[in-house]
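One structure below.
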Amino acid sequence: MKYATLRLGDGTTAMCRAQGDRWQFVQSKSGAPFTSIGEFLLSGDGVFVAGTNVEGPFTFAAPVPRPPKIIAVGLNYRDHAAEQNKPAPDKPMLFSKASNTVIGPDEPVRIPPTAGQIDFECELGVVIGKGGLDITEGRWQDHVFGFTIVNDVTSREAQSGDKQFYRGKSFDTFCPTGPVVVTPDELDWRNLRLGMKLNGATMQNGNTSDMCFGPPALVAYVSAVHALEPGDLIATGTPAGVLMYRPEKRFLQPGDITEAWIDGIGVLKNRFEKR
């Protein structure tokens, strides 16, 4: 099943699910509508019903507008480690992004004057549906609501200068997500093509089969550190082809358009602007 947070013609947002080529509103048993997938997950309701079809114009918003936590994984693709002349890690390398970095499809990524060497990273995002501590790999799917696309925008200048990741990853608008969330029963994470286009040119073209650690291992590893909560987002790493390690050393500029794509999920398109 595919779910989305839609921005309607009147400016409001609503959680909806796909039914063929139509979208249906999703509401609680009481009849109250959920304004986003995030609201549904954070409500702890656990039950929803399909409402009427969406009529009129709409656009896609960030599925979970404010995740409780964003946990990201570094060097999680073997080809991405190789392009840096580094060995593949023997355990997941975790870092975090600020949760207020999240924006949706077609929203602008705003480059502040204090952020240089702006780069992209197309990633498979894991949206946590049911929280838990010490989740086993065998129970990972019980805790995952679905998969989405994440563009882990990064200031390489800040990342390299600080020698840690938080500031370089956490400028406002540096986490586009969407356009939809696809449930695990409909998407086999083990063999998904994914990549990035910049102004129409292919820059990344990878496959999740190249991951060092897949969602089952990551859910188990992260939940052994702290409890996962409904609405948490795990960004599972990026394949080779990021700008930092290309010979031309050309970084993102105002006016550039990125299109992160993953088979079975769709395309996440964003334009870059000055802040």
Side-chain angles (χ1 to χ4, degrees), residues 5 36-38 41-42 61-77 80 89 92-105 107-112 114-128 131 144-179 181 194 196 204 211-213 215 218-219 221-223 225-239 242-244 251-252 258 260 262 265 268-270 272-273 275:
T5 298
S36 70
I37 295 173
L41 295 175
L42 293 170
V64 182
R66 185 63 67 91
K69 296 185 288 296
I70 302 175
I71 306 106
V73 188
L75 291 180
N76 198 33
Y77 282 72
H80 182 47
M93 187 183 79
L94 304 181
F95 60 92
S96 63
K97 292 175 73 83
S99 60
N100 59 317
T101 58
V102 170
I103 59 173
E107 292 188 67
V109 179
R110 295 191 169 91
I111 304 172
T114 53
Q117 298 181 334
I118 308 303
D119 208 342
F120 51 64
E121 296 186 10
C122 176
E123 310 201 5
L124 178 70
V126 177
V127 179
I128 299 299
V144 170
F145 181 74
F147 299 109
T148 192
I149 304 172
V150 175
N151 185 355
D152 178 18
V153 180
T154 306
S155 166
R156 301 296 185 193
E157 182 181 68
Q159 181 183 16
S160 300
D162 294 355
K163 296 183 171 56
Q164 55 86 25
F165 289 9
Y166 181 78
R167 184 170 71 96
K169 302 282 188 175
S170 293
F171 290 94
D172 275 352
T173 73
F174 272 28
C175 192
T177 62
V181 177
L194 75 166
M196 179 72 73
Q204 292 183 285
M211 279 186 182
C212 303
F213 308 98
L218 294 174
V219 167
Y221 191 81
V222 173
S223 69
V225 179
H226 53 62
L228 288 170
E229 301 171 277
D232 280 350
L233 178 64
I234 301 176
T236 60
T238 197
V242 297
L243 296 175
M244 180 69 176
F251 294 100
L252 295 173
T258 57
I262 301 179
I265 302 177
L268 173 64
K269 183 177 180 180
N270 296 90
F272 285 69
E273 300 177 354
R275 188 167 80 184

Inset, instruction - Please report the closest heavy-atom contact between Pro63 and Thr148, naming both atoms and the distance. - result: CG-OG1, 4.1 Å

Legend entry - Which atom of Pro67 lies closest to which atom of Gly231, heavy atoms considered: CB-O, 3.3 Å

Side-chain contact test, heavy atoms from C-beta onward, threshold under 4.5 Å: evaluate it for [X] versus [Y] and give yes or no.
X      : Y      : answer
Thr173 : Asn270 : no
Tyr77  : Leu194 : yes
Arg156 : Val242 : yes
Leu124 : Ile265 : yes
Val150 : Cys175 : yes
Ile128 : Val144 : yes
Lys69  : His226 : yes
Val64  : Thr177 : no

Any chance you could measure [X], atom [atom1], to [Y], atom [atom2], to the nearest 0.5 Å?
X      : Y      : atom1 : atom2 : answer
Phe272 : Phe251 : CZ    : CZ    : 13.0 Å
Asp172 : Ile103 : CG    : CD1   : 10.0 Å
Asp152 : Phe165 : CG    : CZ    : 9.5 Å
Asp232 : Leu42  : CG    : CG    : 8.5 Å
Glu121 : Phe174 : CD    : CZ    : 12.0 Å
Leu75  : Thr238 : CG    : OG1   : 11.0 Å

Inset, instruction - Mind running side chain to side chain contact (heavy atoms under 4.5 Å, CB included) on Ile71 and Leu233 for me, showing each step along the way? - result: CA-CA 6 Å; Ile71 306 106; Leu233 178 64; over 6 Å; no

Under 3.5 Å: donor-acceptor pair, side chain of [X], backbone of [Y]:
X      : Y      : value
Lys97  : Ile70  : no
Ser155 : Gly168 : no
Gln204 : Cys122 : yes
Glu123 : Gly237 : yes
Asp119 : Leu243 : yes
Asn76  : Phe213 : yes

Inset, instruction - Start with the C-alpha distance between Leu41 and Val127, add both sets of side-chain angles, then the distance that settles side chain to side chain contact (heavy atoms under 4.5 Å, CB included), and finish with yes or no. - result: CA-CA 10 Å; Leu41 295 175; Val127 179; 3.7 Å; yes

Legend entry - Short N-O contact, Arg66 and Glu229, less than 4.0 angstrom: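 Judged by the 4.0 Å cut-off on N to carboxylate O distance, Arg66 and Glu229 do not form a salt bridge.
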
